[in-house]
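Accompanying notes for the structure given below.
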Amino acid sequence: MTKIKYLCRSNFKAIKMSIEQIIRDLIVESIEKCYHQEIDSSLVQLQNTRKEFEGDITLVVFPFVRISKKSPEQTAAEIGDYLQQNVPEVEKYNVVKGFLNLVISSEYWVSVLNSISSVSNFGITESSESSNLVMVEYSSPNTNKPLHLGHIRNNLLGFSLSEILKANGNKVVKTNIVNDRGIHICKSMYAWKMWGEGQTPENTGIKGDHLVGNFYVKFDQEYKKEIASLIEQGENKESAEQNAPSMHGAREMLLKWEAKDPEIIELWTMMNQWVYAGFDVTYKALGVDFDKIYYESETYLYGKDEVLRGLNEGVFYQNEDSSVWADLSAEGLDQKILLRSDGTSVYMTQDIGTAKERFQDYPVNKMIYVVGNEQNYHFQVLSILLDKLGFEFGKGLHHFSYGMVELPQGKMKSREGTVVDADELMAEMIEVSRKTSEELGKLEGYTPEQAAETYTMIALGALKYFMLKVDPKKNMLFNPEESIDFNGNTGPFIQYTYARIRSVLRKATDREIELVRNISITSDIPAKELQLIKLISQFPVAIKEAGDNYSPALVANYIYELVKEFNQFYHEFPILIEENSQIRNLRLVIAETVGKTIKTGMKLLGIDVPERM
RNA sequence: GCCUCGGUAGCUCAGCUGGAUAGAGCAACGGCCUUCUAAGCCGUAGGUCUUGGGUUCGAAUCCCAACCGGGGUACCA
């Protein structure tokens, strides 16, 4: 067990894993040797040493004092002695209370940096033939209104999660189920037919999804008026809601649509095309995409077939009014409707059909649905229903359940117009970004096109990072008054740090300073540099945890930590002007490696980084 | 009612698979641009981690209860 054995490995992960693994194993061994008792290695709690103490790896010794029957300090010292004698990389140790802080040699950290700086895709695990295929469903818009801030969160989470899963060695298929049928689109259709006066995106200049959304709002306004007047005429609220003419009209359209009435299908096709054209623009601006798009109008029939099969097989039952139900009382849940009494499909019906389609189309090992937490119950039920229908994948579905985006006044409501529109928000942020760039004179010398590309990149960086840095499971708040910051813990801060690093590297080239990636250093690594190397080396761990926990926020938080540390370093120490050439080269390699890590990490969040800003 | 998720600084959030003195950013106040980009750096101030019990060497973290808030709860999606 010599030092050379670990230092020669080119794969960084192997090195890092092995040093911790070696220490772990030897701790178990030392307990046996010193206290004559075998322990489970799960008792060995290793953590990164906190910044305020000397050391790199810390062992919590409290769990062993029961075994040693000695004070925590003494126990720590005995284990420390053993490790120092038997692990060459353990240079020295110190004990603070019950914590054993191990100091790992500079040589070890230099070898870590060397192995990281020599690879181009540090942190990324490539997929292979035998990798799992994960399907990620995200976005899944309704075609009756434009995308809003809630959809932005969904899209960014879905895209980023897909990138993170890829970086963990999975094959990923990004998919989108477009909810293009149902009562909601019929409402827009009805309103357009009644009050549209032939408006089109072309003759109004309004983006297609917004135009259709306007009619959805119009429907709701008229519907409410009708209800009010019916109530005035003496009807109760419930029957007024049922009997309002516009609701009748929309429902009739839905029935006609399911009956494939040519006129309705034509109207539906036309309005959906308007919406798709609009969505494409928004998706492109957001930088998200899909490998496969499903349409509810095509999958709901499969769902219907499956439900009827379930009915025949006695898995489901039918009421006198001919509606079809699932009895979930055995699972501790309620009765769930699967087909309405008029025979039309509900949301659940089509999701069953879509799931079946997907597993027929792809050899999916894992299906992930990126859908808001308001639908937790829906997916719990979907999983059970698919299982009941005999699909072995039913139980393995994963609902990536994320929190709502709330405004200071509470939840966003499309119909009430209290939504933050996706297109508008992006446009506003790009405008703020442009102004800031101009005021700071950051993009002087760029062509207008280059400048636009950069300030757009910064605006989207701000928006995306803002959404992704928050734990996906939690609700988050967006205050339109305060909007989204460009300073502090933000995307632009990270992008700025990257641009600074690129600038330093360009200047190094200009000044003909050679950058030697295979570092040899005769002195100890200075503290700040060491801190950075340790942080960089945590990147693969951050990616793995983000993948295991389905949390882009973990990547965002990691990058922020790294960047904050780098900025302190940058401020405090010269890189190019440093006279000691070994130190100068070390700093250059660290800067380059931090830059590489930022770029890779931000890519996992779907955020680009600029050469200049 | 029942189910479920959450409550950490004035605000927005980290930390939550138990470990050292609970961290950032914003906002406030005070410093730092003739040195590699000040969208930056440093400092000051700001906390009964909702409350009350419990588990143990140790609890923001785990368990129980209460309070407050979000979401869901049989023909919306």
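Here the structure is a predicted model, which is why all the values come from computation and not from measurement. Both backbone and side-chain heavy atoms feed into the values below; hydrogens, waters and symmetry mates do not. Throughout, a chain's letter reflects where its sequence line sits, starting with A, and its residues are numbered from 1.
- Taking the six-membered ring where the residue is Trp, the centroids of Tyr300(A) and Trp257(A) are separated by under 6.0 Å.
- Residue Lys507(A) places at least one side-chain N or O under 4.0 Å from the OP1 or OP2 atom of U37(B).
- Taking atom C1' in both U21(B) and A66(B), the straight-line distance is 31 Å, to the nearest Å.
- Using a 4.0 Å heavy-atom distance criterion, Val346(A) is classed as a sugar-phosphate-only contact.
- Here A14(B) presents its P atom at 16 Å from NZ of Lys564(A), a figure rounded to the nearest Å.
- Here G72(B) is the nucleotide among G72(B), U21(B), A77(B) with the atom lying nearest to any side-chain atom of Lys411(A).
- For the pair Tyr558(A) OH and A24(B) C1', the interatomic distance rounds to 17 Å; values are reported in whole Å.
- Gln335(A) comes within 4.0 angstrom of a base, heavy atoms only.
- Taking side-chain N and O atoms only, Arg500(A) has a distance below 4.0 Å to OP1 or OP2 of A38(B).
- Rounded to the nearest Å, the gap between the P atom of G18(B) and that of C13(B) is 26 Å.
- Taking only side-chain atoms of Arg66(A), from C-beta outward, the nucleotide of G19(B), U73(B), C57(B) with the closest atom is C57(B).
- Within the 4.0 Å cut-off from OP1 or OP2 of C36(B), not a single side-chain nitrogen or oxygen of Ser503(A) is found.
- For Lys442(A), no side-chain nitrogen or oxygen approaches OP1 or OP2 of A38(B) to under 4.0 Å.
- When the C1' atom of A77(B) is taken as reference, atom CG of Leu338(A) falls 15 Å away, rounded to whole Å.
- Rounded to a whole Å, the CD atom of Gln45(A) is 11 Å from the P atom of A20(B).
- Between A24(B), U21(B), C36(B), one nucleotide has an atom nearer to the side chain of Ile575(A) than all others, and that is C36(B).
- Pairing for C26(B) goes to G10(B), judged as Watson-Crick or G-U wobble with the two contacts each under 3.5 Å.
- Atom CZ in Phe316(A) sits about 17 Å away from atom P in C75(B), given to the nearest Å.
- Between Glu572(A) and Lys528(A) there is no salt bridge, since no side-chain N of the basic residue sits under 4.0 Å from a carboxylate O of the acidic one.
- Here Phe62(A) and Phe99(A) bring their ring centres to under 6.0 angstrom of each other.
- Glycosidic conformation of C32(B): anti, with the torsion beyond 90° of 0.
- Proximity of Lys474(A) to the phosphate of A14(B): a side-chain N or O atom is located under 4.0 Å from OP1 or OP2.
- Across all strands shown, A60(B) forms no Watson-Crick or G-U wobble pair with both distances under 3.5 Å.
- For G72(B), the OP1/OP2 oxygens have no side-chain nitrogen or oxygen of Gln375(A) closer than 4.0 Å.
- Each of A77(B), A39(B), C75(B) was ranked by its minimum atom distance to the side chain of Ile337(A); first place goes to C75(B).
- Of the candidates C75(B), C41(B), A14(B), the closest approach to any side-chain atom of Val470(A) belongs to A14(B).
- One atom, CG of Asp485(A), and another, P of G25(B), lie 12 Å apart when rounded to the nearest Å.
- Of the P atoms belonging to C3(B) and G10(B), the separation is 34 Å, rounded to the nearest Å.
- Between Glu572(A) atom CD and G43(B) atom P the separation is 10 Å, expressed in whole Å.
- In this structure, Arg340(A) reaches the C76(B) phosphate: one of its side-chain N or O atoms is under 4.0 Å from OP1 or OP2.
- Taking 4.0 angstrom as the limit, Asn487(A) places a side-chain polar atom (N or O) nearer than this to OP1 or OP2 of G40(B).
- Residue Tyr496(A) places at least one side-chain N or O under 4.0 Å from the OP1 or OP2 atom of A39(B).
- Taking a cutoff of 4.0 Å between a charged side-chain nitrogen and a carboxylate oxygen, Asp510(A) and Arg506(A) do not qualify as a salt bridge.
- At whole-Å resolution of the value, CG in Asn479(A) and C1' in G25(B) are 15 Å apart.
- On a pure distance criterion of 3.5 Å, a polar donor-acceptor pair joins the side chain of Thr58(A) and the base of A20(B).
- One C1' atom belongs to G53(B), the other to U17(B), and the distance between them is 24 Å to the nearest Å.
- The aromatic ring centres of Phe493(A) and Tyr496(A) sit 6.0 Å or more apart.
- Base pairing of A65(B): its partner is U51(B), meeting the Watson-Crick or G-U wobble criterion (both donor-acceptor distances under 3.5 Å).
- Using the Watson-Crick or G-U wobble rule with both distances under 3.5 Å, G1(B) pairs with U73(B).
- Between Glu331(A) and Lys336(A) there is no salt bridge, since no side-chain N of the basic residue sits under 4.0 Å from a carboxylate O of the acidic one.
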